[in-house]
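In what follows, a structure is listed as structure tokens, so that the remarks can point back to it.
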Amino acid sequence: MGEVVEVNGPIVTIREAGIRNGDQVTIGELGLVGEVIHIRHADALVQVYESTESLRPGEQVHGLGHPLSVELGPGLLGQIFDGVQRPLDEIMRQSGEHIGRGLELSALDRTRSWHYVPEEDLVVGARLHGGEVLGRVRETGVIEHRVLAPPECRGEIIEHAPEGDYTIDEIVARVRSEAGSVEDLRMYHRWPVREPRPYRARSSGNQPLITGQRILDTFFPLLKGGKAAVPGPFGAGKTIVQQQIARWSNADIVLYVGCGERGNELVEILQTFPELIDPYSGRSLMERTFLVANTSNMPVVAREASIYVGVTMAEYYRDQGYDVVMVADSTSRWAEALREVAGRLGQMPVEEGYPAYLASRLAAFYERAGTVDTLAGGSGSVSLIGAVSPPGGDFSEPVTSHTKEIIRTFWALSKPLADARHYPAVSWLDSFTDYAERAGRWWTREVSPDWPLRRQQALTLLTDADELERIVNLVGPEALSSAQRWVLESAGLVKEAVLQQSALDEIDSFCSPHKQFKLLDLVLRFHRGGADLIDLGVPVEQLTELPFGGELARLKSSVPNDDLAPLDDYWKHIDNAFDRLRVEYSGGSAKP
Amino acid sequence: MSEIEYRRVDSIHGALMFLRKVDGVALGDRVLIRDRDGRRRNGQVIRSSDELVMVQVFEGTDNLDLENTWVRFLDQPFELALSPDMLGRNFNGIGEPRDDRPPIVSSVRRNVNGSPVNPAARAYPREFIQTGVSTIDGLNSLVRGQKLPVFSGSGLPHNRLAAQIVRQARLPGDSSNFVIVFAAMGVSYSDARFFEHEFESSGVLRNVVMFVNLANDPPMERLILPRTALTAAEYLAYDLDHHVLVVITDMTNYAEALREVATEKGDVPSRKGYPGYLYSDLAEIYERAGRLRDRHGSITMIPILSMPSDDITHPIPDLTGYITEGQIVLSRELHGKSVYPPVNVPPSLSRLMKDGIGKDDTREDHPRVASQLYAAYTRALEARNLASIIGAEELSGRDRRYLQFADRFETSFVSQGESEERNIIETLDLAWELLSLLPPGVLGRVTAEDLRKYHSWEEGG
């Protein structure tokens, strides 16, 4: 037992013999929980996850003897946890509408019983190895929870519970190790959050993560097990992009980590997700979703922890063989928490006050993404998607620039697009992806062999148009040829009819891969058809006067995913009009 | 309450005072300081060890010396006494009366720092507030429980706009009025007087609680004033079931006071000398707006901040924008064209608009009309930009229409009288009148049905 020596905001200096770096401690009468982050002679510096107001020097400190760790077992899905894995619903039951301090709460419900089905071959006498599936529990309507043996456990099963209802505190199996010690296994185990969970081998993913957002899936795809960043100034729509991914992505499980962001955004998820239907399973989205919330007004140190708490839980479901997407909004707030703690420790700042280890911490975090062969013998993935909030929208600031070097897909949000309410405001000029080729194989196989070509054509059209716009802004549109003006028109149509997508529109909110391709193909055909006519001498004005622009832009929200025939019909409609012009200008002969 | 007075001041600088060898002082405790003339000042413990205690003095440390300064630790945090009698009163930053009337006496006392609201206890704000201002109602709708700041600059009419919102804000079909908490930090006497006069002349003064710190009042008091004011707001909203509208001005002065203390403490600066925790600190204030699931009242917040050199990327507006649910940005250019309110439409935003408008709340076409106006206006600004290079005569027919649209949009939609109250239907009808200047072929954000119903396009018209 030790005592408090100094209180400096969230950093408390304690004096306690024999404490280890990383250990958790409880402090004072209130029992505030913290973590040792620095040992200096006889003193240890503790970062405290709760407000230290009213704490005084001389109060007692108890070491808990273990680092910050999380409980992993059935009952995580559908929950909302704080930054150190305490369920917020339970906090509310205990301390009302405001978050109390020093509450001792376990993450998983102790009273609920689960219907446990043991693995058939894991009978008494069988060998059990670490991370193996011990039994199964139906966690929600869509997710079967595979109860895993703790990764470091191995030995001979000497007892295994029969199928039946158990609470997580009941012992379901006993294992005798080679050394002869007996370990009791329950449906949950603990794991330290700062240590990546082990796996058998890494593999390279080849499945795109389909989000139903055209600019993401078609133009800058992400693979399952990949890492992506969404940087953008405030008001550019980071949160909506993140929420759309959480809603519609074809992952098995989605974890949303609200890190230093607005309380109301999490409320929105909590209130809308249970009513939203997952397009893949046809069940409530909340059955595959869970949340970690450290809102901007909650203590800053728990913000630092929340990212690790989140990714550890994501890895746990990966180890069960699921594809997990973790969305972290925003990694900048996490970096700021790091900066605040570093500042209080008097560490030398390098860039904009951030400590020198910012880049390595960021890299280590994103490295926990990936597709793996699990210890249980299956395959699973964690995709990490981090929002970045650069001050002043400046992408050269430390968090954005370091992140950019680590991630493979970069969805850069643009303020001018957001100002025009062009959402998602993902810039087609500043974004990039390294996964286009691997994703392209899937699209070629599942959707159309023309996909890589169409994607490239569209991107070329957009970059060409950008170039031309610069010319127009210098010398006016008269300087452009008819063909060039048509490029501008068509690029505008790609933006309005394909890239712009309303999250609020019932039909357009989620766009299936086939519809994505057909829409793009239609607009590009329109472009090529028009370009051919211009070659024949049709004035570009005559083409722009046609009523197709506004109508093409509306197709995305009138044609449903399950009936794409109207898109083909619409092309016939355009083609007829083009044909008439062709006849008029080529002197009689219709289609060549 | 501790009766021991210490005379162990070790050093003094700026707003900080250090005491040596005072045992067991709790972080955040309130401190009373008595100087050689017996005058009292207020302070708060911001760092405490068994060796040294750091106290922040709200009235500043001028004229204090080491020998004749007596310090008492009250062994309790900063608290505010709360009662319904606060309505109609005027206080300073630490809750002492400024209006020659007796202090509030009550058994209800709360820590001004509050404690974070559990996100699970929040209710999502979705009730449309009609402010009667077209650029807000039509394009950036405010909902009950939202925090929507006004980003302004020196000399722009943010006070008049805030006063107009306070006067006109109501829920359609609801007669109950807002109770107002007005928090002013570092404002001039005339600005404070302007608001007081506004409240008086619109007859709401008895529904207003004012917390005022003028430009010549102690700057450190600004650090606690918004917290005091929000503690009062929370009491009015959640204990007394009022819908509270909190107007806070000017957040820039608050952030500057924070920077001053941070620099004195030796905190590592991040951007422009502001401490790295400016974001979290501002969030502690802004996030106290909202609605709670099981409470009737609500707190809607309109903070006003002036952007230094009109720079929206300056840390104060920048971090504010990351926390608040949108922003109303004022434009010097429009102000120069005598457009009132000079709302700069493209960078303005309301994040909570989407759930407060539409079929059941305002009108079914509202979300699409707003999006279409944004798209058309930014397109029109491009046309205007082009016209300034090549001349309006050279523009295509379509671009000339856009040019006309931009002008009409600014003079008849953005611009309105200071006492002109447009209801939401009037605002939307006006929007369609403007969209009718453009051919239906370029209006891709509205549906075909919207066009049939509201758009009156005449070819060549």
Side-chain angles (χ1 to χ4, degrees), chain A residues 5-8 13 51-58 80 88-89 91-92 97-99 234-235 260 262-264 266-268 270-271 293 295-298 300 333 336 339-340 343 349 352-353 389 391-394 419-422 472-478 496-497 504 547 549-550 553-554, chain B residues 23-29 47-50 77 113 115-125 267-271 276-277 279-280 283-284 287 290 292 313 315 318 321-323 325-327 346-347 349 352 354 367 371 374-375 378 385-386 389-390 394 396 440-444 447-448:
Chain A
V5 177
E6 178 175 8
V7 188
N8 177 15
T13 309
S51 163
T52 54
E53 192 180 85
S54 78
L55 188 68
R56 58 186 82 228
I80 176 168
L88 285 171
D89 283 334
I91 291 181
M92 193 160 83
E97 288 150 342
H98 295 269
I99 296 177
F234 67 84
R262 304 174 184 88
N264 280 335
L266 292 153
V267 180
E268 188 186 358
L270 283 177
Q271 295 188 353
T295 54
S296 57
N297 56 340
M298 284 159 79
V300 74
R333 306 300 164 220
E336 283 167 8
R339 173 170 71 185
E340 180 164 350
E352 301 204 3
S389 319
D394 171 15
D419 283 354
R421 296 301 188 265
H422 174 111
V472 171
N473 280 329
L474 284 177
V475 291
E478 296 307 313
E496 277 290 312
L504 308 177
R554 273 189 284 274
Chain B
D23 268 355
V25 176
L27 188 76
D29 266 6
R47 188 166 171 169
S48 173
S49 74
D50 44 9
N113 282 336
S115 52
V117 172
N118 188 332
R122 283 184 191 268
Y124 191 65
D267 290 336
V268 176
S270 57
R271 284 172 71 219
Y277 51 80
Y279 176 85
S280 305
E284 278 175 19
E287 279 283 321
L292 296 179
T313 68
D318 188 53
Y322 276 120
I323 304 163
E325 284 131 357
Q327 65 277 336
L349 170 74
L352 299 183
K354 59 185 195 308
S371 177
Y374 264 97
T378 40
N385 190 26
L386 193 58
I389 300 166
I390 60 168
E394 299 293 314
S396 68
V442 301
L443 303 177
T447 64

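Proteins come first, then strands; the chains are lettered A, B, ... in the order of their sequence lines, and each starts at number 1.
- If you tally non-hydrogen atom pairs under 4.5 Å between each of B:Ser280, B:Gly441, B:Gly321 and chain A, the highest count goes to B:Gly321.
- Checking side-chain atoms of A:Glu336 against main-chain N and O of B:Tyr279 turns up no donor-acceptor pair under 3.5 Å.
- Using a 4.5 Å cut-off between heavy atoms, A:Pro391 touches chain B through backbone and side chain atoms alike.
- The closest side-chain heavy-atom distance from B:Pro119 to A:Ile99 is below 4.5 Å.
- B:Asn118 contributes atom CG, which lies 6.0 Å from atom CD1 of A:Ile91 (distance to the nearest 0.5 angstrom).
- When heavy atoms are compared at a cutoff of 4.5 Å, B:Arg271 approaches chain A solely by way of its side chain, counted from C-beta outward.
- Here the CG-OG distance, from B:Asp29 to A:Ser54, works out to 7.5 Å after rounding to the nearest 0.5 Å.
- At a 4.5 Å heavy-atom cutoff, the contact between B:Val25 and chain A is made by backbone atoms alone.
- Top candidate by heavy-atom pairs under 4.5 Å with chain B, chosen from A:Gly393, A:Gly549, A:Gly58, A:Gly235, is A:Gly235.
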**Request:** Could you walk me through whether B:Thr313 and A:Asp394 pass the side chain to side chain contact (heavy atoms under 4.5 Å, CB included) test, one step at a time?
**Result:** CA-CA 9 Å; B:Thr313 68; A:Asp394 171 15; over 6 Å; no
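- Using a 4.5 Å cut-off between heavy atoms, A:Val472 contacts chain B through both its backbone and its side chain.
- In this structure, CD on B:Glu287 lies 7.0 Å from CG on A:Asn264, to the nearest 0.5 angstrom.
- Between chain A and the residues B:Gly326, B:Ser115, B:Ser48, the largest count of heavy-atom pairs under 4.5 Å involves B:Ser48.
- In this structure, the portion of B:Thr378 lying under 4.5 Å from any heavy atom of chain A is its side chain and not its backbone.
- Contact between A:Arg554 and B:Thr447 at its shortest, heavy atoms only, is CD-CA, 3.9 Å.
- Interface remark: of the candidates B:Pro440, B:Gly24, B:Gly276, B:Gly24 forms the most heavy-atom pairs closer than 4.5 Å to chain A.
- Distance check, rounded to the nearest 0.5 Å: OG of B:Ser396 to CD of A:Glu478 gives 9.0 Å.
- Proximity to chain B is limited to the side chain of A:Gln271, based on heavy atoms less than 4.5 angstrom apart.
- Only the side chain of B:Gln327 comes within less than 4.5 Å of a heavy atom of chain A; its backbone N, CA, C and O stay farther away.
- Chain A forms the most heavy-atom pairs under 4.5 Å with one residue out of B:Ile390, B:Leu443, B:Ile323, B:Asp267, and that residue is B:Ile323.
- Highest contact tally toward chain A, considering only B:Gly28, B:Ala375, B:Pro347, is held by B:Pro347 [criterion: heavy-atom pairs under 4.5 Å].
- Side-chain atoms of A:Arg339 and B:Ser270, non-hydrogen and from C-beta on, do get closer than 4.5 Å to each other.
- Ranked by heavy-atom pairs shorter than 4.5 Å toward chain A, the options B:Asn113, B:Asp318, B:Val117, B:Asp23 are led by B:Asp318.
- Both the backbone and the side chain of A:Leu88 come within contact range of chain B, with heavy atoms under 4.5 Å apart.
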**Request:** Give the intermediate values and the outcome of side chain to side chain contact (heavy atoms under 4.5 Å, CB included) for residues B:Asp50 and A:Val5.
**Result:** CA-CA 6 Å; B:Asp50 44 9; A:Val5 177; 3.8 Å; yes
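- A 4.5 Å side-chain heavy-atom check between B:Pro269 and A:Glu352 finds every atom pair outside the cut-off.
- Contacts with chain B were tallied for A:Leu504, A:Val475, A:Leu474; A:Leu504 has the most, counting heavy-atom pairs under 4.5 Å.
- Salt-bridge check for A:Glu6 with B:Arg47: passed, with a basic side-chain N closer than 4.0 Å to an acidic carboxylate O.
- In terms of heavy atoms, A:Gly343 sits closest to B:Val268 at CA-CG2, 3.9 Å.
- For A:Ser51, no part sits under 4.5 Å from any heavy atom of chain B, backbone or side chain.
- Within the model, atoms CG of A:Leu55 and CG of B:Leu27 stand 7.5 Å from one another, a figure rounded to the nearest 0.5 Å.
- Of all heavy-atom pairs between B:Leu386 and A:Asn473, the closest is CD1-OD1, 4.1 Å.
- For the pair A:Arg262 and B:Tyr322, the cation does not sit on the ring face, since its NZ or CZ is not both under 6.0 Å from the ring centre and inside 45° of the axis.
- Contacts with chain B were tallied for A:Pro547, A:Pro349, A:Ser389, A:Ala497; A:Ser389 has the most, counting heavy-atom pairs under 4.5 Å.
- Summarising the geometry, atom OH belonging to B:Tyr124 is positioned 12.0 Å from atom CG belonging to A:Leu270; distances are rounded to the nearest 0.5 Å.
- Contact check for A:Glu53 versus B:Pro77: side-chain heavy atoms found under the 4.5 Å cut-off.
- Contact annotation: the side chain of A:Arg421 approaches that of B:Leu349 to within less than 4.5 Å [non-hydrogen atoms, C-beta and beyond].
- With salt bridges taken as basic N to acidic carboxylate O contacts below 4.0 Å, one links B:Lys354 and A:Glu268.
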